[in-house]
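Scroll down for the structure; my scribbles are underneath it.
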Amino acid sequence: MKIGNVTLPSPFVVAPMAGMTDTAFRRLVKRHGGCGLVVTEMVSSEGLVRGIDRTLEYAEYTEEERPVSIQIFGGDPEKMAAAAQIVEGMGANIVDINMGCPVPKIAKHNAGCSLMREPEHAATVVNAMAKAVSIPVTVKMRAGWNDASRNAPELARRVQDAGAAAVTIHGRTAAQSYTGLADWDLVSRVAEQLTIPVLGSGDCVEPQQIVERMGSVSGVLVGRGVLRNPWILAQAADLAAGRPVRTVTLAERGQFLLDYIGLLVDERLGEVAGFRHVAPVAGSLDARAAAPARGRERWVINKVRALMSWYSKGLDGGSQLRVRVNAAESLRQLHEIIDEFFFAAGTTGDMVVLSA
Ligand SMILES: Cc1cc2nc3c(=O)[nH]c(=O)nc-3n(C[C@H](O)[C@H](O)[C@H](O)COP(=O)(O)O)c2cc1C
């Protein structure tokens with residue numbers, strides 16, 4: 001599959017998820033295989049242009065993750081074009097526009113899904129960006145703003161005409177947020193109409209579902225399913241290739257968490273120059289430099305807690321695991337809990353079957 005001049009080794013994509021799909025998580029998913037593209041957490045165009053460092057780390061990525069798409073949000077065509085140039089300068093393969101975020105804090109600034117309410121303006125944003133950069137500009141949108149305005153088909157045509165190289169549709173409206181089901185019929189209808197690749201997103205939690213959805217789209221973005229099962233893209237690739245689907249043991253699931261903790265603990269420490277692609281920061285003081293040890297420990301614990309709320313779903317004893325992880329106060333405790341749950345004698349070879 002190609003998006004503009006970027007070839008994706010697989011049509012299965014890690015969906016952008018704010019607060020969840022950081023570079024450490026994406027690298028680990030990528031290492032398990034089957035992943036054709038990763039998209040960063042959304043980052044503010046305003047923040048990128050002004051060089052405010054608090055939010056800029058969301059745009060960071062490492063070489064191992066390529067091809068990488070950096071997702072930006074905003075509603076001002078000039079600022080979005082300038083932000084796209086910064087993204088291109090960071091060496092990203094693709095710049096993606098968030099037209100799906102329903103959160104009022106974002107939507108009220110004429111950004112995120114509120115761009116879907118002004119199709120002409122949305123097209124102006126795409127056009128300004130497409131003219132400003134030579135990397136592909138893509139759009140991720142929802143089915144529409146609400147049930148009375150399911151305008152993804154019309155908007156997708158417009159952004160294609162304005163220069164978008166691909167469109168992803170999450171088949172829910174902003175009003176639905178995450179309730180109900182994604183409307184894949186609508187996604188398929190858009191895919192039939194457009195000449196650029198159309199990717200779909202929503203409710204794929206089993207590898208079979210990803211492969212089935214490929215019947216009507218060029219690619220599938222998987223969000224919550226990857227948080228629950230980081231091997232899901234590799235398993236979908238197995239299925240698509242007619243290979244036996246790989247199984248994942250409890251110990252392997254435990255190791256994923258240990259690897260995630262390890263990458264977070266070491267983040268920015270002793271990394272060689274160029275390892276991490278970062279956005280330019282205004283001023284000389286870079287607050288992204290290593291945090292004090294205690295602050296870092298708290299940050300890692302909070303990250304693992306956030307992942308655990310998804311990762312433990314469907315696991316036998318998952319809710320008790322969640323409670324224990326939420327009560328952990330130190331990395332040492334976290335390690336003990338993981339050891340006990342995932343590596344206890346006699347269970348390490350168990351294959352994990354996640355229940356629905
Ligand atoms: C915690 C969370 C954070 C998300 N953050 C973003 C985001 O930053 N940008 C975006 O375009 N979509 C975001 N999404 C939407 C997902 O990319 C995806 O389209 C949606 O969750 C439906 O797919 P799924 O059912 O596979 O999760 C987020 C979803 C979740 C659950």
(request) Using the side chain to side chain donor-acceptor pair (under 3.5 Å) rule, pick out the option among Arg150, Arg189, Gln176 that qualifies with Asp183. (result) Arg150
(request) Give a yes or no on whether a salt bridge exists between Lys79 and Glu46, defined as a side-chain N under 4.0 angstrom from a carboxylate O. (result) yes
(message) Less than 4.0 angstrom from a charged side-chain N to a carboxylate O is my criterion; do Arg26 and Glu65 meet it?
(response) yes
(request) Check whether any side-chain N or O of Asn127 sits under 3.5 Å from a backbone N or O of Ala162 as a donor-acceptor pair, and report yes or no. (result) yes
(request) Tell me, with the steps shown, if His335 and Ile261 meet side-chain contact (heavy atoms from CB on, under 4.5 Å). (result) CA-CA 9 Å; His335 274 106; Ile261 292 171; 4.2 Å; yes
(request) Looking only at non-hydrogen atoms, find the nearest pair between Val211 and Ala236 and report the distance. (result) CG2-O, 3.5 Å
(message) Ring of Trp310, cation from Arg228 - is the NZ or CZ under 6.0 Å from the centre and inside 45° of the axis?
(response) no
(message) Taking Thr179's backbone N and O only, do any of them form a donor-acceptor pair with Ser177's side chain (distance below 3.5 Å, no angle check)?
(response) no
(request) Look at the side chain of Glu88 and the backbone N and O of Val133, then say whether any donor-acceptor pair between them is shorter than 3.5 Å. (result) no
(request) Without swapping roles, check the side chain of Glu60 against the backbone of Arg276 for a donor-acceptor pair under 3.5 Å. (result) no
(message) Strictly below 4.0 Å, N to O, side chains only: are Asp203 and Arg172 in salt-bridge contact?
(response) yes
(request) Look at the side chain of Gln160 and the backbone N and O of Thr195, then say whether any donor-acceptor pair between them is shorter than 3.5 Å. (result) yes
(request) Output yes when a side-chain donor or acceptor of Tyr311 lies under 3.5 Å from a complementary backbone atom of Arg253, and no otherwise. (result) yes
(request) Could you tell me the separation between the OG atom of Ser114 and the CD1 atom of Ile106, rounded to the nearest 0.5 Å? (result) 9.5 Å
(request) List the steps and the verdict of side-chain contact (heavy atoms from CB on, under 4.5 Å) for Asp22 and Tyr58. (result) CA-CA 7 Å; Asp22 50 56; Tyr58 302 149; over 6 Å; no
(message) Please give me the minimum heavy-atom distance between Asn151 and Pro119, naming the atom from each residue.
(response) ND2-CG, 3.9 Å
(message) Could you go through Ser312 and Arg322, starting from their C-alpha distance and side-chain angles, then the distance that decides it, and tell me whether this counts as side chain to side chain donor-acceptor pair (under 3.5 Å)?
(response) CA-CA 7 Å; Ser312 60; Arg322 223 157 31 241; 2.7 Å; yes
(request) Please confirm whether the backbone N or O of Ile337 pairs with a side-chain atom of Glu340, one donor and one acceptor, at under 3.5 Å? (result) no
(message) Has Arg224 got a side-chain atom pairing as donor or acceptor with Cys204's backbone, closer than 3.5 angstrom?
(response) no
(message) Please verify the inter-ring angle class for Tyr260 with Phe25; under 30° counts as parallel, over 60° as perpendicular, anything in between as tilted.
(response) perpendicular
(message) Salt bridge or not between Glu329 and Arg298? Use side-chain N to carboxylate O under 4.0 Å.
(response) yes
(message) For Ala328 versus Ile301, what's the shortest heavy-atom pair and its separation?
(response) O-CG2, 3.9 Å
(message) Taking Phe73's backbone N and O only, do any of them form a donor-acceptor pair with Ser45's side chain (distance below 3.5 Å, no angle check)?
(response) yes
(request) May I ask you to decide whether Arg246 forms a salt bridge with Glu252, counting only side-chain N to carboxylate O separations under 4.0 Å? (result) no
(message) If hydrophobic clusters are built from ILVMFWY residues whose side chains come within less than 4.5 Å, do Val14 and Ile94 share one?
(response) no
(message) For Gly75 versus Leu115, what's the shortest heavy-atom pair and its separation?
(response) CA-CD2, 4.4 Å
(message) With rounding to the nearest 0.5 angstrom, report the CG to CZ distance, Leu258 to Phe342.
(response) 9.0 Å
(message) Please report the interatomic distance CD1(Ile70) to CD1(Ile135), rounded to the nearest 0.5 Å.
(response) 7.5 Å
(message) Grouping I, L, V, M, F, W and Y whenever their side-chain heavy atoms are under 4.5 Å apart, do Leu227 and Val220 come out in a common cluster?
(response) yes
(message) Side-chain heavy atoms nearer than 4.5 Å, only ILVMFWY residues, links allowed to pass through others: does that put Val6 and Val87 together?
(response) no
(message) Quick check against the 3.5 Å criterion: does Ser149 have a side-chain atom that pairs as donor or acceptor with the backbone of Asn146?
(response) no
(message) For the OH atom of Tyr61 and the OG atom of Ser69, what is their distance to the nearest 0.5 Å?
(response) 11.0 Å
(message) How close do Glu206 and Gln209 get, counting heavy atoms only, and between which atoms?
(response) N-OE1, 2.8 Å
(message) Quick check: is Phe12 connected to Leu221 through a chain of hydrophobic side chains (ILVMFWY, heavy atoms under 4.5 Å apart)?
(response) no
(request) In sequence, state the C-alpha distance, the side-chain angles, and the governing distance for Arg296 and Glu267, and then conclude on salt bridge (Lys or Arg N to Asp or Glu O under 4.0 Å). (result) CA-CA 10 Å; Arg296 174 173 291 252; Glu267 190 144 297; over 6 Å; no
(message) Same cluster or not: Ile72 versus Leu37, using hydrophobic residues (I, L, V, M, F, W, Y) connected whenever any side-chain heavy atoms lie under 4.5 Å apart?
(response) no
(message) What verdict does the side-chain contact (heavy atoms from CB on, under 4.5 Å) test give for Val139 and Ile97, after you've listed the backbone C-alpha separation in whole Å, the side-chain angles of each residue and the deciding distance to 0.1 Å?
(response) CA-CA 5 Å; Val139 175; Ile97 310 170; 4.0 Å; yes
(message) One pair to check against side-chain contact (heavy atoms from CB on, under 4.5 Å): Val325 and Arg305. What are the steps and the verdict?
(response) CA-CA 6 Å; Val325 165; Arg305 283 182 184 168; 4.0 Å; yes
(message) For Glu78, is the CD atom crowded, meaning more than 12 foreign heavy atoms sit under 6.0 Å from it?
(response) no
(request) List the atom of His170, the atom of Ala182, and the distance in Å for their closest heavy-atom pair. (result) CD2-CB, 4.5 Å
(message) I need the Met99 CE to Glu118 CD distance, nearest 0.5 Å.
(response) 11.0 Å
(request) To the nearest 0.5 Å, tell me how far Leu307 CG sits from Met20 CE. (result) 5.0 Å
